[in-house]
Protein chains: 2
Amino acid sequence: MSAALRRDLARLLGGGANAGERVICPVPASSPYNADATGAWRGLRGRADAVVLPESDEQVAAVVGYCHAHGLGVIPRGGGSGVSGGACPIEGGVVVSLERMDRVLELAPELWRMHVQAGLITAHVHRLARESGLFFGPDPGAAEQSQIGGNVATDAGGPHAFKYGSTRHWVMGMGMVLPHAGIVRLGGASRKDVAGYDLTGLMVGSEGTLGVITDVWLRLIPAPEAAAALVAFLPDERRGCEAVQAAMTSGVIPSALDFLDASTLTLIAASYPGEVPAGAGFALIAEVDGGREEVERSRRELTAALVDGAAIQVDVHDPRAAWRWRSGASVAVAAVRGGKVSEDVCVPLERLGELLARFAQIAAEAGLPSCAWGHGGDANAHATVMVDPSDPAQMAAAERVAERLFELACELGGSLSGEHGIGLVKRNALPLQLRGPALAMHRAIKDCLDPDGVMNPGVGQPQTH
Amino acid sequence: MSAALRRDLARLLGGGANAGERVICPVPASSPYNADATGAWRGLRGRADAVVLPESDEQVAAVVGYCHAHGLGVIPRGGGSGVSGGACPIEGGVVVSLERMDRVLELAPELWRMHVQAGLITAHVHRLARESGLFFGPDPGAAEQSQIGGNVATDAGGPHAFKYGSTRHWVMGMGMVLPHAGIVRLGGASRKDVAGYDLTGLMVGSEGTLGVITDVWLRLIPAPEAAAALVAFLPDERRGCEAVQAAMTSGVIPSALDFLDASTLTLIAASYPGEVPAGAGFALIAEVDGGREEVERSRRELTAALVDGAAIQVDVHDPRAAWRWRSGASVAVAAVRGGKVSEDVCVPLERLGELLARFAQIAAEAGLPSCAWGHGGDANAHATVMVDPSDPAQMAAAERVAERLFELACELGGSLSGEHGIGLVKRNALPLQLRGPALAMHRAIKDCLDPDGVMNPGVGQPQTH
């Protein structure tokens, strides 16, 4: 099949001498396009029949139409930083990588908006906004690798989602290619639109299972003048969770309110830009932003609330230093045994303490060291077990821990995922959360917009066999 | 049919001596349940077969199931303040009024959230938040009459949507009754949730065409400590629209940025709490909020930007006084000829001036006096013609003006509605905005979740005959 497929795809991508560069077919087993970051962490890899690197909406539409006609799946791919297997050709098919569609179509600072192609790197979106005195809220961890289209497809979050909302709050419209209908434009440059169902919003977080996002209209706001980070150390998890609520009753709206549990804190204590106090068994990283006077005042009020909330020590940092420290957690945790299996469940805020305690118990019963960090104000925990990835028994145990974690999150009235999405990893857990008719509604949406199952086969729906 | 229908519905509503109070059947032609506010303004009235006032999710489910089985439409009804005919039994059916389902199920100030039944009056939501030191952003005009469920069903906005987003930004989850599936819970108390398609978001703004919303989980934030309103007078529309952009490049994020055009300003000049300067042909009402120092500073910076932007005069007011003044516009405009036909199109911000100028031209060509006011920062205009409602020629001319306005808004890349929704009034204009596959997607969503067309017949979809 390969030769014919390559020839057909090259023709669809404009033919000419360079069209061959835009098609990889056959795809070597070792190709990075066969996995997203879930490959590195959990060994989840597929094998694409082909990879295409289109340069226009029309080329995307041509490829999707071809795949539809030929019974091939379409796997949209952004930066490949996903950790739920949302961009993994597990059933073969054609990977459509948006990396060459990275143009800025419009940057209108005076109108607080930006229109960009889906392949633009997230960090560039931030940079363009910043250089215009503006601010784009979502700040997922892999911003240097991820693409804005992938962020939209997964409704990416990050620490600042606490104040500023996840990606969906920043999307005004998009261009898409649908398997049955070709190119469609949803929403656009208007800041408000209640004409009909929120189709734009439905596409946000749909993980490439309904169509390929080719461009997005983003809302921006004026950048806050200043920001400060507070790092508060608490004696233990219980008082740490109480301190999250203390922060929320201080009257201040922190721009971020992250946490590190005792294990995570121990692992990155040495790189802390200061002195971790003796007796610290939990840390909060709170950011406040706004005008200079407001930041100063919020900092003061939040510090007072945290001290009342049993903080042993509260330090003030430049936010960049605090987040750099925090971002070391993922690597430090993975270094313990060489790998990690990390989920991102979310619960009602008052259940955070119970989630953390019971997760630690579940991991301990499985014989795996564990830790958790994440977005405390959103009660969105990166609950993690440390594993030797070369040990199948540990990997299997880790998957069982994940299953019990999903059950726990749903039992506590929470969600399987606050940020990473369902992908392949959590698809069979979806019925735990979407009870009764909700699961059927979820399936019905897929079936009505992609009845032949062209888009991202296997992703986002429970396996039926 | 009436006697049997009344008996059946009374039984479904719990039987007993009082069940009869919860059923109106037959429904007198003059019943307020036969129309929403579109009845008063545009004479749009239907005739329900019955009205029910359920008191529990189970009663709603029983009625919806009964209607489905008997081929009767279900018309969910909130406060009846809608102006697009979204709650109008135009094809008969059973009106399900949520007014008796107005309980506060949970108010958790320390967790920044509230869980309430759909029939709670919007103003009560605001009051409950305020009394807890918190804030709920959406502030639609009819907050004393509208219910929170209706606000969610229409994705209601208001002046503060400029900074705080429309209702959808504040909804974390809901309980619903679906025509095929009964009671379903979507989302809930978790602040983040990316597990599967955003079904909660899909229901927000769906105008009762997919199911009956019975309760909602709302996000809250700490109330801003202070706020101030600025009223700026500009010489004309062009410089008024430029001033909107000047405000947006000031570095300040106004919490609201409303406008009044020359005609509207003239009509309410006498009630202005101050002196309208000579030569004023446009006004902006900007609000700033936050900590006291921040408000003081934002006020200063915004005033400077507006003066640079050719403002003749900038006054500072208590926001309540400014909004009270502004809220008189609707009544004053209607008083000119006894009635008005007002639409709420939204365009990209840079097209606001063109929208206003061309709308005035369209109205003039139709021989009707016109005016416009609305949310300038969102370029969401309440474009209005003044009519004598007893004159069929004027009413017909007004409908033609509305049609041309819809065409204009779509030509300018905008939306048919920023706030009021599609309802019955704009259903046939929907294809102007949802081009190509988008309209088919919109229809497909309806058909997949309500295949028998039980919910809100006629609303939100173009007529096919």
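Order of the sequence lines sets the chain letters (A, B, ...), proteins ahead of strands, with each chain counted from 1.
A side chain to side chain contact (heavy atoms under 4.5 Å, CB included) with A/Asp155 is found for one member of B/Asp198, B/Val194, B/Asp193 and no other, namely B/Val194.
Neither the backbone nor the side chain of B/Lys163 comes within contact range of chain A; no heavy atoms are under 4.5 Å apart. For a residue to count as touching a neighbouring chain, one of its non-hydrogen atoms must lie under 4.5 Å from one of that chain's; by this rule A/Ile253 touches chain B with backbone and side chain alike. In this structure, the portion of B/Leu186 lying under 4.5 Å from any heavy atom of chain A is its side chain and not its backbone. In this structure, chain B has no heavy atom under 4.5 Å from any part of A/Ser84. At a 4.5 Å heavy-atom cutoff, B/Ser298 makes no contact with chain A through either its backbone or its side chain. Contacts of A/Ala444 with chain B are made by both backbone and side-chain atoms, with heavy-atom separations under 4.5 Å. Contacts between B/Gln433 and chain A at a heavy-atom distance below 4.5 Å involve the side chain alone, from C-beta outward. At a 4.5 Å heavy-atom cutoff, A/Val345 makes no contact with chain B through either its backbone or its side chain. Of the two parts of A/Ser206, the backbone and the side chain both hold a non-hydrogen atom closer than 4.5 Å to a non-hydrogen atom of chain B.
Using a distance-only test at 3.5 Å, with no hydrogens or angles considered, a donor-acceptor pair links the side chain of B/Arg191 to the main chain of A/Phe162.
Ranked by non-hydrogen atom pairs under 4.5 Å with chain A, the options B/Thr209, B/Val204, B/Leu434, B/Leu416 are led by B/Thr209. Taking chain A as the reference chain and counting heavy-atom pairs below 4.5 Å, the highest number among B/Val252, B/Asp378, B/Ile422 is found for B/Asp378. Taking chain B as the reference chain and counting heavy-atom pairs below 4.5 Å, the highest number among A/Arg185, A/Glu225, A/Lys426 is found for A/Glu225. Between chain B and the options A/Gly423, A/Pro109, A/Gly196, the largest number of non-hydrogen pairs under 4.5 Å is found for A/Gly196. The most heavy-atom pairs under 4.5 Å with chain A, out of B/Met203, B/Arg292, B/Met441, come from B/Met441. For the options A/Glu294, A/Arg297, A/Glu207, A/Glu293, heavy-atom pairs under 4.5 Å to chain B are most numerous at A/Arg297. Taking chain B as the reference chain and counting heavy-atom pairs below 4.5 Å, the highest number among A/Arg435, A/Arg427, A/Glu419, A/Gln461 is found for A/Glu419. Heavy-atom pairs under 4.5 Å with chain A were tallied for B/Arg168, B/His420, B/Arg219; the largest tally goes to B/Arg168. Between chain A and the options B/Cys346, B/Gly418, B/Ala379, heavy-atom pairs under 4.5 Å are most frequent for B/Gly418. Your options are A/Pro222, A/Gly157, A/Gly205, and the one with the most heavy-atom pairs under 4.5 Å with chain B is A/Pro222. No other option in A/Leu199, A/Ile445, A/Leu202 has as many heavy-atom pairs under 4.5 Å with chain B as A/Ile445.
Legend: salt bridge (charged side-chain N to carboxylate O under 4.0 Å, His left out) pairs involving residues 245-258 of chain B, not counting sequence neighbours, sorted by first then second residue: B/Asp258-B/Arg326.
Heavy-atom minimum distance, B/Gly158 versus A/Lys192: O-NZ, 4.1 Å. Here the closest heavy-atom approach between residue A/Leu210 and residue B/Tyr197 is recorded as CD2-OH, 3.4 Å.
Scanning for side chain to side chain contact (heavy atoms under 4.5 Å, CB included) contacts around B/Pro348 gives A/Arg113, A/Ala189, A/Ser190, B/Glu350, B/Arg351, with sequence neighbours left out.
Heavy-atom proximity under 4.5 angstrom to chain A picks out B/Gln245, B/Met248, B/Thr249, B/Gly251 from residues 243-251 of chain B. Residues of residues 170-183 of chain A having a heavy atom under 4.5 Å from any heavy atom of chain B, listed by number: A/Leu178, A/Ala181, A/Ile183.
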